[in-house]
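Before any comments, here is the structure.
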Amino acid sequence: MEIINFADQSSLVSQYMTELRDINVQNDMLRFRRNLQRIGEIMAYEISKRVAYETVTIDTPLAPCKSQILSEDIVLATIFRAGIPFHQGFLDYFDHAQNAFVSAYRKYKEKENFDVFIEYIASPNLDGKTLILVDPMLATGASMELSYRALLTKGTPAKIHVASVIASQKAVDYLQETLPADKTTVWIGAIDAEINSHSYIVPGLGDAGDLAYGIKE
């Protein structure tokens with residue numbers, strides 16, 4: 001399994017990441033959503049270099065011209081609700097892709113103990129396709145893994161790209177143990193060393209869903 005950490009290179013992801021984390025900036029929900037979207041756009045462009053293309057001949061107003069188009073069937077999948085603006089960034093670039101949606105949530109048994117439940121899934125058939133599964137926060141990796149398992153009920157993808165804005169090292173290690181290493185690439189904006197007793201990434205940025213769409217009750 002290949003792990004690509006954008007923090008290891010210089011790019012605009014660093015600027016957008018700084019604003020996402022900064023408590024003095026992140027209270028602007030519109031800007032927070034847009035920064036998630038922009039990081040998604042950058043990651044989508046980088047992933048676009050890893051997919052297959054075919055040569056076609058098209059007609060311009062002046063003459064025929066050889067050009068390239070995507071030859072892989074791509075499905076963009078995300079986890080409600082924080083994943084929606086991040087997903088949109090990928091959809092801005094892979095605009096012909098099919099889409100899948102999973103509702104995964106934490107159900108707390110006590111203050112620091114929870115299970116992850118999948119409540120809803122909508123997806124096209126995934127057999128032989130390239131699955132790009134995106135969620136901005138990868139704290140424990142459990143939601144990502146369970147979402148992937150749920151999507152497998154719709155078919156088996158040929159390739160898998162997992163993308164997150166911030167992940168804990170624990171979650172990255174967990175995905176390496178649970179997802180198929182021979183066909184999975186993981187793209188991370190930054191990897192933080194710790195998660196706290198509530199399974200929030202530290203330093204992280206807080207609750208991405210609340211920051212994007214408002215506090216839930």
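Residue numbers run from 1 in the order of the sequence given.
- Other residues sharing the hydrophobic cluster of L62, ordered by chain and number and joined by side-chain separations under 4.5 Å: none, the residue standing alone.
- Remark: the backbone N or O of E194 is not paired with any side-chain donor or acceptor of N196 at under 3.5 angstrom.
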Residues R38, N35; criterion side-chain contact (heavy atoms from CB on, under 4.5 Å); working and verdict: CA-CA 5 Å; R38 291 195 286 192; N35 282 333; 2.6 Å; yes

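- To the nearest 0.5 angstrom, T185 atom OG1 is 12.5 Å from E46 atom CD.
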Trace of the side-chain contact (heavy atoms from CB on, under 4.5 Å) decision for R149 with I118: CA-CA 10 Å; R149 302 293 176 199; I118 302 295; over 6 Å; no

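- Using a 3.5 Å distance cut-off with no hydrogens or angles, the side chains of D92 and Q88 do pair a donor with an acceptor.
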Chi angles and distances behind the salt bridge (Lys or Arg N to Asp or Glu O under 4.0 Å) call for D210, R81: CA-CA 9 Å; D210 287 356; R81 65 181 166 149; 2.5 Å; yes

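- Interatomic distance, OG of S143 versus CG of L138, reported as 9.0 Å (0.5 Å rounding).
- In terms of heavy atoms, A44 sits closest to G89 at CB-O, 4.4 Å.
- A side-chain N or O of E72 and one of T130 form a donor-acceptor pair less than 3.5 Å apart.
- Rounding to the nearest 0.5 angstrom, the gap separating the CG atom in L131 from the NE2 atom in H161 is 9.5 Å.
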Stepwise side-chain contact (heavy atoms from CB on, under 4.5 Å) check, K154 with N125: CA-CA 5 Å; K154 306 299 183 179; N125 183 278; 5.9 Å; no

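- Linking Ile, Leu, Val, Met, Phe, Trp and Tyr residues whenever their side-chain heavy atoms come within less than 4.5 Å leaves Y45 and L12 in two separate clusters.
- For the atom pair OG1 (T184) and CD1 (I3), the distance works out to 9.0 Å, reported to the nearest 0.5 Å.
- Hydrophobic clustering, with ILVMFWY side chains joined whenever heavy atoms are under 4.5 angstrom apart, groups F86 together with M137.
- Nearest approach of A139 to A171, heavy atoms of both residues: O-CB, 3.4 Å.
- Around atom NZ of K216, more than 12 heavy atoms belonging to other residues, nucleotides or ligands sit under 6.0 Å away.
- Across all their heavy atoms, G189 and N5 have their closest contact at O-OD1, 3.6 Å.
- At least one donor-acceptor pair under 3.5 Å links the side chain of S164 to the backbone N or O of D135.
- In this structure the side chain of Y213 reaches within 4.5 angstrom of the side chain of P85, judged on heavy atoms.
- Judged purely by atom type and a 3.5 angstrom limit, D127 uses its side chain to pair as donor or acceptor with the backbone of T156.
- Of all the heavy atoms in S48 and Y53, the pair that sits closest is O-OH, 2.6 Å.
- When every heavy atom of A82 is checked against every heavy atom of P136, the shortest pair comes out as O-CG, 3.4 Å.
- A donor-acceptor contact shorter than 3.5 Å is absent between the side chain of S168 and the backbone of I195.
- Atoms CD and CG, from E145 and L175 in turn, are 8.0 Å apart once rounded to the nearest 0.5 Å.
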Candidate pair Y120 and F101, rule ring-ring contact (aromatic ring centres under 6.0 Å, His included), full reasoning: CA-CA 8 Å; Y120 169 87; F101 301 92; 8.2 Å; no

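- Between R34 and R31 there is no side-chain heavy-atom pair separated by less than 4.5 Å.
- Counted within 6.0 Å of CD1 on I23, heavy atoms from surrounding residues, nucleotides or ligands total 12 or fewer; the atom is thus considered open.
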Step-by-step side-chain contact (heavy atoms from CB on, under 4.5 Å) determination, F6 to I39: CA-CA 10 Å; F6 282 78; I39 292 175; over 6 Å; no

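- Cluster membership for L30 and L36, using ILVMFWY side-chain heavy atoms within less than 4.5 angstrom, is not shared.
- Cluster membership check: I121 shares its hydrophobic cluster with V162, using side-chain heavy-atom separations under 4.5 Å among Ile, Leu, Val, Met, Phe, Trp and Tyr.
- In this structure the side chain of D28 never reaches within 4.5 angstrom of the side chain of E19, judged on heavy atoms.
- Once rounded to the nearest 0.5 Å, the distance linking CD1 of I84 with CG of L91 reads 12.0 Å.
- Judged purely by atom type and a 3.5 angstrom limit, D207 uses its side chain to pair as donor or acceptor with the backbone of G209.
- For the side-chain hydrogen bond (donor to acceptor under 3.5 Å, both in side chains) test with D192, the passing option among K170, Q169, R21 is R21; the others fail.
- Of all heavy-atom pairs spanning H87 and N99, the tightest one is NE2-OD1, 2.8 Å.
- One N or O on the side chain of T78 and one on the backbone of V134 form a donor-acceptor pair closer than 3.5 Å.
- The side-chain heavy atoms of D73 and Q98, taken from C-beta on, include no pair separated by under 4.5 Å.
- Side-chain atoms of Q26 come within 3.5 Å of backbone N or O of L20 as a donor-acceptor pair.
- At a threshold of 4.5 Å between side-chain heavy atoms, the hydrophobic network of Ile, Leu, Val, Met, Phe, Trp and Tyr places I4 and V186 in two separate groups.
- More than 12 heavy atoms of other residues, nucleotides or ligands lie within 6.0 Å of CD1 in I69, so this atom counts as buried by the packing criterion.
- The shortest side-chain heavy-atom distance between T178 and Y148 does not fall under the 4.5 Å cut-off.
- For K183 (side chain) and P157 (main-chain N/O), a donor-acceptor pair under 3.5 Å exists by modelled atom type.
- Put simply, the side chain of S103 never gets that close to the backbone of E119: no donor and acceptor are under 3.5 Å apart.
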